[in-house]
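Below: the structure, in structure tokens.
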Amino acid sequence: MTDAKEDESLTLTDTLSSWMRDAFRTAYPDAPTDFEEVVVVETANPEFGDYQCNAAMGLARHLKLAPRVIADHIAAHTDLPPFMARIEVAGPGFLNLYLDDAWLAGQIETLAAGERMGAPAAGGGKTVVMDYGSPNMTKPLHIGHLRSHNIGSVLDRMHRFLGYHVIADNHLGDWGTQFGVTIMGYRNFGDAAAMKSSPLEELERVYVLSYEQTKKDSDWMDRCRQELVKLQSGDPENTEMWEMFMRLSLEELDRIYARLGVHYDEIRGESYYRDKLAGTVARLEEAGLAVQSEGATVVFLEEEKLPVCIVRKSDGGFNYATSDLATVASRVEEHHPDRIIYITDERQQLHFKQFFAICRRLGYEVGLDHVWFGLMRLPEATFSTREGNVIKLDALLDEAESRAQAIIAESSPEMPEAERKRVAAAVGIGAVKYADLSQNPQSLVTFTWDKALALDGNSGPYLQYAYARIASVRDKYSERFPDGSPETEPLRLLEPIERTLALRLIRFGDVVVRAAHQYKPNVLTDYLYDLAQTYSSFYQNVPFLKAPEGIRESRVRLCGIVAAVLKQGLDLLGIDTPARI
RNA sequence: ACCCCGGUAGCUCAGUUGGAUAGAGCAUCGGAUUUCUAAUCCGACGGUCACAGGUUCGAGCCCUGUCCGGGGUGCCA
């Protein structure tokens with residue numbers, strides 16, 4: 001029998017599944033199936049055990065036996081490994097599995113001592129390039145840009161945590177059509193002082209003015225295109241202007257990235273690949289993939305039942321697909337990744353299907369995933385720069401911090417000003433991030449201030465509060481029992497809620513793996529909220545410091561392990577955990 | 001016209017290979033603080049899982065059709 005700690009790349013459900021699979025194979029050696037479908041899952045209801053296996057029902061047909069007969073046989077004839085207390089059969093053939101209490105307590109004791117809180121080294125050193133954020137360099141970030149950065153950086157952190165070698169790359173939109181419009185705008189309406197103080201706002205302002213001109217003046221767009229062609233062919237004046245735009249925009253991005261806690265290993269915009277675009281098209285032509293059609297160079301994707309993909313426009317310009325193809329070539333050559341993961345909004349699904357299809361035809365073996373998320377919209381409408389109904393990301397974060405600050409001022413008036421500001425930033429920004437991450441990424445998000453800034457209920461601050469209470473409990477313990485050492489006392493799971501808490505803690509590894517591999521941060525937020533709720537109930541209903549010696553230490557120790565898992569989970573979400581809030 | 005998503009409690013949303021009685025927050029109502037932080041806890045109320053068929057031991061989840069909403073569909077990204 002496998003010991004649950006033997007293989008570092010397995011989660012607990014992997015181990016349980018493997019054990020159950022062996023049990024089925026032993027019981028039915030001549031069965032016409034390899035039992036690969038036998039898996040163990042967490043139970044939703046404690047009434048049905050800690051984990052359950054539902055395979056007997058599904059296998060009934062293959063084995064030509066009643067499901068209940070199969071389940072009874074497995075339960076009666078399977079040796080129990082050290083981690084298992086008992087198996088029960090229920091209903092039509094459910095196998096309800098109960099973990100051994102002593103084993104469970106032992107696992108929890110060692111959980112916090114390990115590097116990963118029981119999570120496996122699932123990455124095994126595989127290299128993954130993660131492409132997220134990718135802002136347009138001519139506009140300030142608005143609330144709609146939160147998701148790619150937020151979801152992307154959480155998936156990034158989770159993959160690193162699981163032992164993947166991650167290269168996070170910010171593929172800036174710094175070379176597209178918008179620059180012709182922006183250069184024309186800046187030449188005609190630019191304000192050098194405003195450009196210094198808030199560059200992205202100024203770039204956006206001149207972009208909007210210039211864009212409006214295209215409607216009034218039919219030559220305007222042609223002149224914009226000419227400016228772009230000049231830039232792309234190396235005209236010194238336009239290049240200098242572009243470099244200034246980039247320098248100032250990057251400074252502003254750095255500022256907001258620091259605020260959000262987003263970090264990249266590489267920042268390579270589309271411009272980085274500009275000299276490789278012609279060669280990319282040539283390569284497609286040599287491979288017989290790209291052909292001339294209606295004056296443009298295109299790739300037909302009829303086999304994949306996808307629409308045609310344009311790789312070079314009839315005016316000679318290149319577009320997004322070409323840039324992405326050049327980028328993938330560069331990444332493969334330089335990093336040899338096992339997988340490249342792109343995180344963008346849902347509107348780009350077709351683009352990525354086309355782009356991935358071309359990559360397959362070119363023979364790339366690297367795994368390619370497009371993680372798309374639903375657009376953010378306002379209750380009344382979608383927002384757009386042109387409509388003028390955008391909410392700047394900075395403004396959202398400012399509001400979040402000031403709401404948090406108001407509550408702290410009320411609840412902790414004695415807190416020093418500097419700490420109050422730090423905590424307000426942690427709580428406010430944590431609230432904004434959590435509100436976004438706790439939804440299924442693929443859901444369309446309707447933005448409301450109250451939802452984005454929720455400070456109670458299922459919210460980031462609820463988790464931070466649970467963490468801070470534990471820090472406080474442990475401080476009080478040290479004050480009152482300076483000679484005590486909870487970490488060396490055995491963990492005793494006496495009250496039902498304590499065992500429930502232990503069962504939550506031991507799920508952490510499975511949860512992180514599921515969240516990372518399904519690209520769903522909300523799997524982790526759901527878990528952490530459940531953990532914090534279970535802890536809060538424990539906190540409210542069970543005495544720690546007033547408990548008898550021994551039990552007291554066990555409970556304080558359990559608190560510490562909950563705190564460690566909460567902190568690790570919140571770290572993965574990019575949310576800070578102040579010791580006091 | 002075609003393609004991709006979505007429709008779950010008054011509101012906002014979860015729902016892990018199809019699994020046992022569909023969950024949470026907010027809102028509403030009732031309770032808990034001489035105590036380890038009440039940003040909390042305990043309880044109540046609240047459902048034709050858009051609609052109609054189908055598949056099977058079992059469907060919110062899979063298949064078909066319809067309605068409604070969002071997005072996309074050769075020279076934006």
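Chain identifiers are assigned alphabetically (A, B, ...) following the order of the sequence lines, protein sequences preceding nucleic acid strands; residue numbering begins at 1 within each chain.
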Please pick, from G71(B), C76(B), A39(B), the nucleotide with the shortest atom-to-atom distance to any side-chain atom of Ser411(A).
A39(B)
Hey, does the side chain of Tyr434(A) come within less than 4.0 Å of A39(B)'s phosphate (OP1/OP2), counting only N and O?
no
State whether a side-chain donor-acceptor pair under 3.5 Å links Thr11(A) with Asp14(A).
yes
Select base, sugar-phosphate, or nothing to describe what Ile470(A) touches, counting heavy atoms under 4.0 Å on all strands.
nothing
Side-chain H-bond candidate by donor/acceptor type, Tyr477(A) with Glu553(A), under 3.5 Å
yes
Can you check whether Phe355(A) and Tyr342(A) have ring centres sitting under 6.0 Å from each other?
yes
Take a 6.0 Å sphere around CD of Glu410(A) and say whether it holds more than 12 heavy atoms from other residues, nucleotides or ligands.
no
Phosphate-side-chain proximity, Asn45(A) and U21(B), N/O vs OP1/OP2 below 4.0 Å
no
Base, sugar-phosphate, or nothing for Thr43(A), non-hydrogen atoms under 4.0 angstrom?
nothing
Side chain of Ser438(A), base of G25(B): donor and acceptor closer than 3.5 Å?
no
Could you tell me whether Ser472(A) contacts a base, only the sugar-phosphate backbone, or nothing, with contacts defined as non-hydrogen atoms closer than 4.0 Å?
base
Could you check whether Phe94(A) and the base of G19(B) form a stacked pair, meaning centres closer than 5.5 Å and planes differing by less than 30°?
no
Could you tell me whether the phosphate oxygens of G69(B), OP1 or OP2, come under 4.0 Å of any side-chain nitrogen or oxygen in Arg377(A)?
no
Between Gln354(A) and U73(B), is there a contact of a side-chain N or O with OP1 or OP2 at under 4.0 Å?
no
Going by modelled atom types, is there a donor-acceptor pair between the base of A27(B) and the side chain of Asp450(A) at under 3.5 Å?
no
Presence of Ser323(A) side-chain N/O under 4.0 Å of A77(B) phosphate oxygens OP1/OP2
no
Determine the contact category for Leu306(A): base if any of its heavy atoms lies under 4.0 Å from a base atom, sugar-phosphate if only primed atoms, P, OP1 or OP2 are that close, otherwise nothing.
nothing
Just how far is it from atom CG of Asp436(A) to atom CE of Met376(A), taken to the nearest 0.5 Å?
5.0 Å
Compare the aromatic ring of Tyr529(A) with the six-membered base ring of A24(B) and state whether they stack according to the 5.5 Å and 30° rule.
no
By the 4.0 Å heavy-atom rule, please label Ala66(A) as base, sugar-phosphate, or nothing.
nothing
Mind checking the CG-CG spacing from Asp526(A) to Asn458(A)? Nearest 0.5 Å is all I need.
7.0 Å
Answer yes or no: does a side-chain N or O of Arg469(A) lie under 4.0 Å from OP1 or OP2 of A39(B)?
no
Are any of Ser459(A)'s side-chain N or O atoms less than 4.0 Å away from OP1 or OP2 of G25(B)?
no
Side chain Gln349(A) and base G72(B) donor-acceptor under 3.5 Å
no
Does a nitrogen or oxygen in the side chain of Asn522(A) sit under 4.0 Å from OP1 or OP2 of G15(B)?
yes
Heavy atoms only, 4.0 Å cut-off, all strands: where does Asp456(A) land among base, sugar-phosphate and nothing?
sugar-phosphate
OP1, OP2 of C2(B) versus side-chain N and O of Lys305(A): anything below 4.0 Å?
no
For Tyr465(A) and A39(B), is the shortest distance between a side-chain N/O and OP1 or OP2 below 4.0 Å?
yes
Do the non-hydrogen side-chain atoms of Thr344(A) and Ser148(A) ever get within less than 4.5 Å of each other?
no
Ala426(A) versus Pro578(A), closest heavy-atom pair with distance:
CB-CG, 3.8 Å
Select base, sugar-phosphate, or nothing to describe what Val556(A) touches, counting heavy atoms under 4.0 Å on all strands.
nothing
Hey, is the side chain of Lys520(A) poking within less than 4.0 Å of OP1 or OP2 on A14(B), counting only N and O atoms?
no
Just by distance, no angles: are the side chains of Thr280(A) and Tyr273(A) close enough, under 3.5 Å, to form a donor-acceptor pair?
no
Ignoring hydrogens and angles, does a donor from either the side chain of Gln52(A) or the base of A20(B) sit under 3.5 Å from an acceptor on the other?
yes
OP1 or OP2 of A27(B) less than 4.0 angstrom from a side-chain nitrogen or oxygen of Lys451(A), does that happen here?
no
Give one of base, sugar-phosphate or nothing for Ala90(A), where a contact means two heavy atoms less than 4.0 Å apart.
base
Would you please enumerate the stems RNA chain B participates in, each stem being three or more consecutive Watson-Crick or G-U wobble pairs with both distances under 3.5 Å?
B:1-7 with B:67-73, B:10-13 with B:23-26, B:28-32 with B:40-44, B:50-54 with B:62-66
If you look at every strand shown and take non-hydrogen atoms under 4.0 Å, does Leu444(A) touch a base, only sugar-phosphate, or nothing?
sugar-phosphate
Under 4.0 Å, counting only non-hydrogen atoms across every strand here, what does Arg312(A) touch: a base, just sugar-phosphate, or nothing?
nothing
Would you mind classifying the nucleic acid contact of Tyr462(A) as base, sugar-phosphate or nothing, using non-hydrogen atoms under 4.0 angstrom?
sugar-phosphate
Can a donor-acceptor pair under 3.5 Å be found between the side-chain atoms of Ser314(A) and the base atoms of C75(B)?
yes
Phosphate-side-chain proximity, Ser443(A) and G6(B), N/O vs OP1/OP2 below 4.0 Å
no
